[in-house]
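Worksheet: the structure to be examined is printed underneath.
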Amino acid sequence: MSLSAQPAASLFIDGKPVEGQGDTLDVRYAFDGSTIATLREATTDQVAQACAAARAAQPAWAAMAPVERGRILARAAAIILERNDELARLETLDTGKPIQETLVADWPSGAASLEYFAGLAATLTGQMIPLGADWAYTRREPLGVCAGIGAWNYPSQIACWKAAPALVMGNTTVFKPSEETPLGALKLAEIFIQAGMPPGVFNVVQGRGAVGAALVTDPNVAKVSLTGSVPTGRRVYAAAAEGMRHVTMELGGKSPLIVFDDANLEDAVSAAILANFYSAGQICSNGTRVFLHEGIKEDFLARLAERVKAVRMGDPLDPDTNHGPIINAAQADKIRAAIRAGVDAGARLVCGGMGEGPFIPPTVFADATDDMTIATDEIFGPVMTALSFVDEAEVIGRANGTGFGLAAGVFTQDLTRAHRVIAALEAGTCWINTYNLTPVEMPFGGVKLSGLGRENSAAAIEHYSQLKSVYVGMGGVDAPY
Ligand code: NDP
């Protein structure tokens with residue numbers, strides 16, 4: 001079976017595939033390191049061309065009836081769902097994530113985003129404000145050209161999540177995927193054209209950080225939405241500030257998952273698995289600090305260690321594989337260094353460890369303390385750190401004792417405690433008695449260092465539009481002289 005996934009060209013500008021003129025970009029299958037495509041980065045001139053194409057396409061796109069823009073997005077969603085098997089396979093080759101995940105999570109979530117915002121398109125209005133005889137109204141207007149920059153863990157979902165709210169509002173976009181996973185966004189560009197989207201409305205450039213940096217400061221760009229790490233977020237936010245550009249920042253986390261002693265233990269263990277090992281742990285919202293009540297700690301860990309034995313690492317294209325390789329060797333090295341630091345600091349390794357080659361098994365540390373790096377730093381791999389607690393107020397304080405604030409979860413059967421604890425946690429996206437579900441209907445995003453702005457839901461529209469206020473004088477004008 002050929003693993004080639006060579007696209008027609010590396011970039012997509014003004015409705016057409018265009019070859020990049022910059023450095024070469026080898027795209028590798030994380031499972032065996034084989035090259036599945038060879039792309040070329042965009043040059044600075046090509047980034048400017050993509051932004052100019054988006055700028056030129058924007059007025060006509062914004063002038064279309066919203067319901068027509070929505071219809072194009074809905075058509076694109078239908079095409080994605082029809083082609084889901086083929087797209088999932090490509091996503092698996094691009095990311096190394098198991099096909100059993102990419103079939104249900106990646107493009108389907110992207111399609112849901114397009115469907116949701118397609119439906120919302122015709123409802124996006126301003127406000128009428130009575131002022132006695134006079135009145136005012138607001139127009140909700142697009143920002144212009146919105147740049148999107150993605151991480152490598154959910155490349156196609158991220159492209160859809162950023163494109164859908166931007167496009168229904170009448171913005172146009174230029175998207176730069178992570179250099180690790182450039183293929184899905186090119187498919188999305190093709191599908192949009194097939195669905196009837198005019199050229200220039202959705203463009204794709206490829207490249208490493210420097211290409212992203214050129215995109216952020218392009219004079220045609222009015223808004224930047226980044227999914228990435230906190231250090232990159234700082235750089236991008238600062239660069240965007242120079243032009244007073246709007247930003248959405250979806251950054252990293254070290255989220256707490258708190259399990260009280262009255263929790264349904266089996267469900268809590270399932271949630272901890274989803275919160276730490278899905279996508280081999282390469283998920284921003286993961287609940288990697290699992291606070292276990294002293295009373296259930298050992299039972300929980302024993303059951304988790306038992307359940308983890310059912311992990312199947314192997315070729316991600318094999319439908320039985322449920323744990324794939326790490327995206328690349330550098331990331332695997334980083335994760336192994338974090339595991340080594342946990343062992344050196346004296347935490348108890350309950351299961352897992354270094355693994356081999358691109359594979360790192362589900363790894364659980366217990367008896368950790370809050371100051372160990374395995375409890376403070378985002379690892380972005382399949383490494384869970386269990387911490388124990390006794391008291392509710394104590395665990396809330398410790399859960400909040402981090403600069404991050406992306407997500408949080410609570411497991412308890414006590415209704416009032418669940419809501420009380422969630423209300424006290426400093427996190428943008430929370431779950432009670434479940435974890436890591438991110439339906440398009442619910443806003444998603446972080447607080448503190450984990451970012452600002454929200455993706456998904458009607459809340460995302462706030463971040464892709466601006467209000468124009470119009471005062472309407474109905475009588476004469478009084479002036480002092
Ligand atoms: P990075 O921050 O390394 O990169 C993110 C994107 O920014 C990439 O496309 C990268 O390009 C690009 N980039 C790098 N430097 C610059 C720059 N100076 N200007 C503009 N763009 C730049 O993140 P990763 O790809 O390693 O992804 C992992 C991180 O993403 C984790 O911290 C994770 O928590 C976070 N994340 C957050 C999510 C959220 O929704 N909150 C969801 C998923 C991940 P290139 O890769 O080509 O260098």
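Everything quoted here is computed from the prediction, not taken from an experiment. We count residues from 1, following the sequence as given. All ligand and atom numbering here is 1-based and tracks the order in the structure.
- For a threshold of 3.5 Å applied to N or O pairs, the pair formed by E179 and ligand 1 contains at least one separation below that value.
- When all heavy atoms are compared, the tightest approach of L317 to I99 is O-CG2, 3.6 Å.
- Looking at Q331 against ligand 1, nothing comes within 4.0 Å, counting heavy atoms.
- If you check each of A238, P155, A239, G228 against atom 30 (O) of ligand 1, the one with the closest non-hydrogen atom is G228.
- One option in A151, P177, G212, C284 has a heavy atom closer to atom 42 (C) of ligand 1 than any other, and that option is C284.
- Of the candidates R454, K162, K223, E462, K223 is the only one forming a side-chain hydrogen bond (donor to acceptor under 3.5 Å, both in side chains) with T248.
- The side-chain contact (heavy atoms from CB on, under 4.5 Å) test with Y154 singles out one residue from I283, T227, T181, T95, and that residue is I283.
- Of all the heavy atoms of I283, none lies under 4.0 Å from any atom of ligand 1, so neither backbone nor side chain is involved.
- Under 4.0 angstrom from ligand 1, the non-hydrogen atoms of E250 come from both its backbone and its side chain.
- Contacts with ligand 1 closer than 4.0 Å are made by backbone heavy atoms (N, CA, C, O) of L251 only, the side chain lying farther away.
- With a 4.0 Å heavy-atom cut-off, ligand 1 is reached by the side chain of F444 but not by its N, CA, C or O.
- Nearest protein neighbour of atom 7 (O) of ligand 1, counting heavy atoms only, is I149 CG2, 3.3 Å.
- In the candidate list W152, F380, F404, W152 is nearest to atom 25 (O) of ligand 1, counting heavy atoms.
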